[in-house]
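Encoded as structure tokens, the structure appears first; notes follow it.
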Amino acid sequence: MTIRTTATIHALAVSATALLAAAPAHAELSAEELAKLAQNPVGNLISVPFQNNSNLNSGPDKRTQNILNIQPVIPISVSDEWNIITRTIVPVISQPLPDGERSNGIGDTVLTAFLSPAKPGKWIWGAGPVLQIPTNSNSDLGNRNWGLGPSVVVLHLDKGDPWVYGVLANNIWSLSDSGSGGSYNNGLIQPFVNYNFPGGFYVTSAPIITVNWKADSSQRWTVPLGGGVGKIFHLGRLPVNTQLSAYYNVVTPDDGPNWQIRAQVQFMFPK
């Protein structure tokens, strides 16, 4: 792994450690309430999820691609009526190469800023821009062109109702085609549904459907089906949301993976 990659991971680890030390948990929230708060993409809490995705049988050699997404979420209050929820995804990638070697490093960072009502009802929404930043360590791990597009999320979350469900969607267009990788036009749709039990245990399904609009029609879509389980734990007073799930790609490009195993640990800092 390059010096740049190692330094980036170290800086992120230091930041996460500082947050762990600085922000005690809110003792009044039950484990079930914490689980539902974690399932809200525009919830009013600071959190640091570490989500690992192992994509099995990827590429012509049917090897495993591994992507660790470091995803800090920071809400910003702009008034009594509105919040801006920033969601950043920094991927750490281990990518199999055709020669049998692997490329390891940082992929492209994706930053979303959702404007969302500070006092929503049962239906919650957020909308705003999504920016793709070419932070990749090398051309095997991303695209050297910046990207921009819209993002929106809508969900239903009601106190006393164990169900949390909704959908998040975005589309990113490259702003140029002069860098390595060329122009792109990529979409993402993530429907999600969760059923919460007392004590912070829940079942979940949150498949990530992607589309490459520039590919041939038969090679555009990746459509997974599956689900998993999650549980709220505590490290002292600090709530931690853990999750394990598996998804089978019922539609995938010719060299796309057929399975994804997803594991997540999310450190939560409710206000």
Side chains of Ser58 and Arg63: does their closest heavy-atom pair fall under 4.5 Å?
no
For Trp173, which fellow cluster members are found when Ile, Leu, Val, Met, Phe, Trp and Tyr are connected by side-chain heavy-atom distances below 4.5 angstrom, either directly or through intermediates?
none
Between the side chains of Asn212 and Arg220, does any donor sit under 3.5 Å from an acceptor?
no
Apply side-chain contact (heavy atoms from CB on, under 4.5 Å) to residues Glu32 and Tyr202 and explain how you reach the verdict.
CA-CA 9 Å; Glu32 183 179 355; Tyr202 61 93; over 6 Å; no
Is there a side-chain contact between Val153 and Trp125 in this structure, where contact means two heavy atoms from C-beta onward sitting under 4.5 Å apart?
no
I'd like to know if the side chain of Asn194 pairs up with that of Thr204 as donor and acceptor (distance under 3.5 Å, no hydrogens or angles considered).
yes
Can you tell me how the ring of Tyr195 sits relative to the ring of Phe197, calling it parallel under 30°, perpendicular over 60° and tilted otherwise?
perpendicular
In terms of heavy-atom contacts, does CG of Asp80 have more than 12 from other residues, nucleotides or ligands at under 6.0 Å?
no
Can you tell me which residue among Asn83, Ile85, Thr86 is in a side-chain contact (heavy atoms from CB on, under 4.5 Å) with Ile76?
Thr86
Any side-chain heavy atom of Thr64 within less than 4.5 Å of one from Asn55?
no
Shortest non-hydrogen contact between Leu238 and Phe269, atoms and distance
CD1-CE2, 3.5 Å
Side-chain donor-acceptor pair present, Gln95, Ser103, cut-off under 3.5 Å
no
Go through the steps to decide whether Asn52 and Gln264 satisfy the test side chain to side chain donor-acceptor pair (under 3.5 Å), and finish with yes or no.
CA-CA 6 Å; Asn52 192 80; Gln264 177 174 293; over 6 Å; no
Check the angle between the aromatic planes of His156 and Tyr165 and answer parallel, tilted or perpendicular using the 30° and 60° thresholds.
parallel
Could you check whether Asn143 and Asn136, counting side-chain N and O atoms only, form a donor-acceptor pair closer than 3.5 Å?
no
Do Asn249 and Gln260 get their side chains close enough for a donor-acceptor pair, meaning under 3.5 Å?
no
Measure the CD-CG distance between Glu101 and Asp140 for me, rounded to the nearest 0.5 Å.
11.5 Å
4.5 Å side-chain heavy-atom contact, Thr222 and Val251
no
Just by distance, do the side chain of Asp216 and the backbone of Ser218 share a donor-acceptor pair under 3.5 Å?
no
Heavy-atom distance under 4.5 Å between the side chains of Phe192 and Pro41, does that happen here?
yes
As an exercise, state the distance from OG of Ser47 to CE of Met268, rounded to the nearest 0.5 Å.
7.0 Å
Nearest 0.5 Å, what's the CG-CG distance between Leu37 and Asn44?
8.0 Å
Does a side chain donor of either Trp163 or Asn196 reach within less than 3.5 Å of an acceptor in the other side chain?
no
Could you go through Ser151 and Phe114, starting from their C-alpha distance and side-chain angles, then the distance that decides it, and tell me whether this counts as side-chain contact (heavy atoms from CB on, under 4.5 Å)?
CA-CA 8 Å; Ser151 187; Phe114 290 106; 3.4 Å; yes
Check the pair Asn40 / Ile124 against side-chain contact (heavy atoms from CB on, under 4.5 Å), numbers first and verdict last.
CA-CA 9 Å; Asn40 179 1; Ile124 303 169; 3.8 Å; yes
Picking from Leu148, Ile189, Asn185, what satisfies side-chain contact (heavy atoms from CB on, under 4.5 Å) with Asn171?
Asn185
Regarding Thr135 and Thr109, is there a side-chain donor-to-acceptor distance under 3.5 Å anywhere?
yes
Rounded distance (nearest 0.5 Å) linking atom NZ of Lys231 with atom CG of Asn241
10.0 Å
Answer whether the closest heavy-atom distance between the side chains of Pro49 and Val265 falls below 4.5 Å.
no
Hey, does Phe50 have a side-chain heavy atom less than 4.5 Å from the side chain of Val48?
yes
Okay, side chain of Ser205, backbone of Val193: is any donor-acceptor separation there less than 3.5 Å?
no
Between Asn53 and Gln51, a side-chain donor and acceptor under 3.5 Å
yes
So, Arg144 versus Ser180: side-chain donor-acceptor pair below 3.5 Å or not?
no
Under 4.5 Å between any side-chain heavy atoms of Leu141 and Ser139, yes or no?
no
Kindly work out whether a path of hydrophobic side-chain contacts (I/L/V/M/F/W/Y, heavy atoms less than 4.5 Å apart) joins Ile208 to Tyr247.
no
What do the steps show when you test Arg102 against Ser94 for side chain to side chain donor-acceptor pair (under 3.5 Å), and what is the final call?
CA-CA 7 Å; Arg102 301 188 72 87; Ser94 179; 2.8 Å; yes
